[in-house]
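In what follows, every heavy atom counts, from backbone to side chain, and hydrogens, waters and symmetry copies are set aside. Below, chains carry the letters A, B, ... as their sequence lines are ordered, and counting in each starts from 1.
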There are 2 protein chains.
Amino acid sequence: MSMQENSSISKATVDRLPRYYRCLRLLADEGVEITSSEEIGRRTSVNPEQIRKDLAVFGQFGKKGVGYYVAELKENIGGILGLDQRFNIAIVGMGHLGVALANYQGITRLGFRIAALFDVNPVVIGTRLGERRVEDIAYLPEIVAERGVQIGVIAVPAAHAQEVADRLVGAGIRGIWNFAPVKLAVPENIPLISEDLSVGLSSLSYSLTHIAFEDEELSEKNNIE
Amino acid sequence: MSMQENSSISKATVDRLPRYYRCLRLLADEGVEITSSEEIGRRTSVNPEQIRKDLAVFGQFGKKGVGYYVAELKENIGGILGLDQRFNIAIVGMGHLGVALANYQGITRLGFRIAALFDVNPVVIGTRLGERRVEDIAYLPEIVAERGVQIGVIAVPAAHAQEVADRLVGAGIRGIWNFAPVKLAVPENIPLISEDLSVGLSSLSYSLTHIAFEDEELSEKNNIE
DNA sequence: TAGATTGTTAATCGATTAACAATC
DNA sequence: TAGATTGTTAATCGATTAACAATC
């Protein structure tokens, strides 16, 4: 690998890459072959300088005076994100959230494979979801090993999340994507991403509250004048 | 309101408030009455200086030499986030994701009320979810007005998300919480939070890819020496 | 060639961390 | 009082934006 594999790459940069990637996929779908930081910026609401800076961290992907070849840049960003590795995913917890994730096009479209589904509930175990069967979580270690699962998704109630995390780690999983609203303890070498929905909703509530205040202040001022 | 309602409050700060809030709720549940930035820091993985700095933006909530009264600080942060306003929420799209959200304890625990559920599918319309009936999206304007819905949640497929956003805005909604993986166009005065799951998964994939490289490099080095 | 657009260096801006006086 | 912990100022760090030379 000739790209710079330095440890000091900012999280902000990495978090923008998926947005560029999606944009490039859409451009490719539209048949666009060459694009520019200007155009990607328009579509992702990231400014062009930022995009060029982000990409520069990993190498030189464009042609001066020309722009970026869509297909090429898409492949490059995909490679940086590791999407070309087609990681195998197991989803634990087949409640509505688990099923929603299992059906979520976004996961497979990024190149991940949904390799296993687990639940504890005997009523759910054995049912089918597309081409996959829901397995008994008791067989987690065997199935994870057999199917080469690298990523575990936690979609169980908060109360059981830590136990599931422990079992996933024990089964040899390499990374965890957690949807339970708890702070999980996992070994340092296991990357963990927790999606905390309450942050988004709270921040929306904050905006609503504050816009309201600003409006009031504004209209008060206007009334006075 | 005596707290500082300044416009220049950083998003980073606001995004940490929900984490402090949850931590305080847990502390309250445990019967803890007084806490410190040190303790909140331990539980949220935010460092104590940061916490004090964040809170300082909104006012003085602690007692020097003592710490923070849990119940009081919790109420204060709740107020800052606007949780005491008990916003009414409508969820559009009763697929698995919509149902998962409708059942999600986190929403009601933060003080929001799920006031309406909508779908287009005649098979789903009229079914019940807890105490709420799924309504025909055709009646969105009337129901939003009647029930005083302020927040619209978009849980429909990407292809219909913009249309739903337009209808929500048209119905007088004040803010949107979007789960469809598309960039929505909404009027400037409508706060919009988009949850993009592909970012989390991609960044996990990135970490996995990079940890692997680091390990390899490390073991290579070790082998050489 | 002239125009366009990258990659990169320099300048600015904002956020985090450290330090400490105030005070309970 | 002595010890603890806040609130806040100062120092550091990192990320974003601006500017521009390189070059297609």
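Rounded to a whole Å, the CD1 atom of Ile40(B) is 12 Å from the P atom of dT5(D). Across the protein-nucleic acid pair, Asn76(B) atom CG and dG7(D) atom C1' stand 15 Å apart, rounded to whole Å. Rounded to an integer number of Å, the gap from Leu17(B) CG to dA15(C) C1' is 15 Å. Rounded to whole angstrom, the span from the CG atom of Asp15(B) across to the P atom of dA15(C) amounts to 11 Å. For Ile51(A) and dT17(D), the CD1 to C1' distance is 13 Å, given to the nearest whole Å. Remark: P of dG7(C) and CG of Leu55(A) are 7 Å apart, rounded to the nearest angstrom. The distance from atom CG of Asp54(A) to atom P of dG7(C) is 12 Å, rounded to the nearest whole Å. Here dT6(D) presents its P atom at 14 Å from CD of Gln50(B), a figure rounded to the nearest Å.
Non-hydrogen atoms lying under 4.0 Å from DNA chain D are contributed by Ser36(B), all within residues 22-36 of chain B.
Summarising the geometry of Phe61(B) relative to Leu73(B), their closest heavy-atom pair is CB-CD1, 3.6 Å, with the distance given to 0.1 Å.
Pairs of residues two or more places apart, or lying in two chains, that qualify as ring pair (Phe, Tyr, Trp, His ring centres under 6.0 Å) and include a residue from residues 158-180 of chain B are Trp177(B)-Phe179(B). Within the structure, every pair that satisfies the salt bridge (Lys or Arg N to Asp or Glu O under 4.0 Å) test and touches residues 156-165 of chain A, not counting sequence neighbours, is listed here: Glu163(A)-Arg167(A). Sorted by first and then second residue, the salt bridge (Lys or Arg N to Asp or Glu O under 4.0 Å) pairs with a member in residues 18-30 of chain A read Arg22(A)-Asp196(B), Glu30(A)-Arg43(A); sequence neighbours excluded. The list of ring pair (Phe, Tyr, Trp, His ring centres under 6.0 Å) pairs with a residue in residues 94-114 of chain A, not counting sequence neighbours, reads His96(A)-His96(B).
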Between the protein and nucleotides 8-11 of chain D, are there any N/O to N/O pairs under 3.5 Å, and if so, what are the atom names and distances?
{"unit_1": "dT8(D)", "atom_1": "OP1", "unit_2": "Gln60(B)", "atom_2": "OE1", "d": "3.2"}

N/O to N/O distances under 3.5 Å, protein versus nucleotides 22-24 of chain D:
{"unit_1": "dC24(D)", "atom_1": "O4'", "unit_2": "Lys64(A)", "atom_2": "O", "d": "2.9"}

What pairs of donor and acceptor atoms, side-chain ones from residues 147-154 of chain B against any protein atom, are under 3.5 angstrom apart with sequence neighbours left out?
{"unit_1": "Arg147(B)", "atom_1": "NH1", "unit_2": "Ala115(B)", "atom_2": "O", "d": "2.8"}
{"unit_1": "Arg147(B)", "atom_1": "NH2", "unit_2": "Glu135(B)", "atom_2": "OE2", "d": "3.1"}
{"unit_1": "Gln150(B)", "atom_1": "OE1", "unit_2": "Asn88(B)", "atom_2": "N", "d": "2.6"}

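Note on Tyr68(B): a side-chain N or O is less than 4.0 Å away from OP1 or OP2 of dG7(D). In this structure, Ser37(B) reaches the dT6(D) phosphate: one of its side-chain N or O atoms is under 4.0 Å from OP1 or OP2.
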For DNA chain D, what string of dots and brackets results from 5' to 3' when Watson-Crick and G-U pairs need both distances under 3.5 Å, crossing pairs get [ ], and pairs with another strand get |?
..||||||||||||||||||||||
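At a cut-off of 3.5 Å, with distance as the only test, a side-chain donor of Thr13(A) or Ser10(A) sits close to an acceptor on the other residue. In summary, the side chains of Gln85(B) and Thr209(A) do present a donor paired with an acceptor at a separation below 3.5 Å, with no hydrogens or angles considered.
For Ala71(B), there are no side chain to side chain contact (heavy atoms under 4.5 Å, CB included) partners at least two apart in sequence or on another chain. Looking at residues two or more places apart in sequence or on another chain, you find a side chain to side chain contact (heavy atoms under 4.5 Å, CB included) between Asp166(B) and Gln162(B). For Thr108(A), the side chain to side chain contact (heavy atoms under 4.5 Å, CB included) criterion is met by Gln105(A), not counting sequence neighbours.
With respect to Val92(B), the side chain to side chain contact (heavy atoms under 4.5 Å, CB included) criterion is satisfied by exactly one of Ile173(B), Val164(B), Leu117(B), Ile176(B): Val164(B).
Here the side chains of Leu97(B) and Val99(A) are not in contact, with every heavy-atom distance at 4.5 Å or above. Under the 4.5 Å side-chain criterion, counting only non-hydrogen atoms from C-beta, Ile34(B) is not in contact with Tyr68(B).
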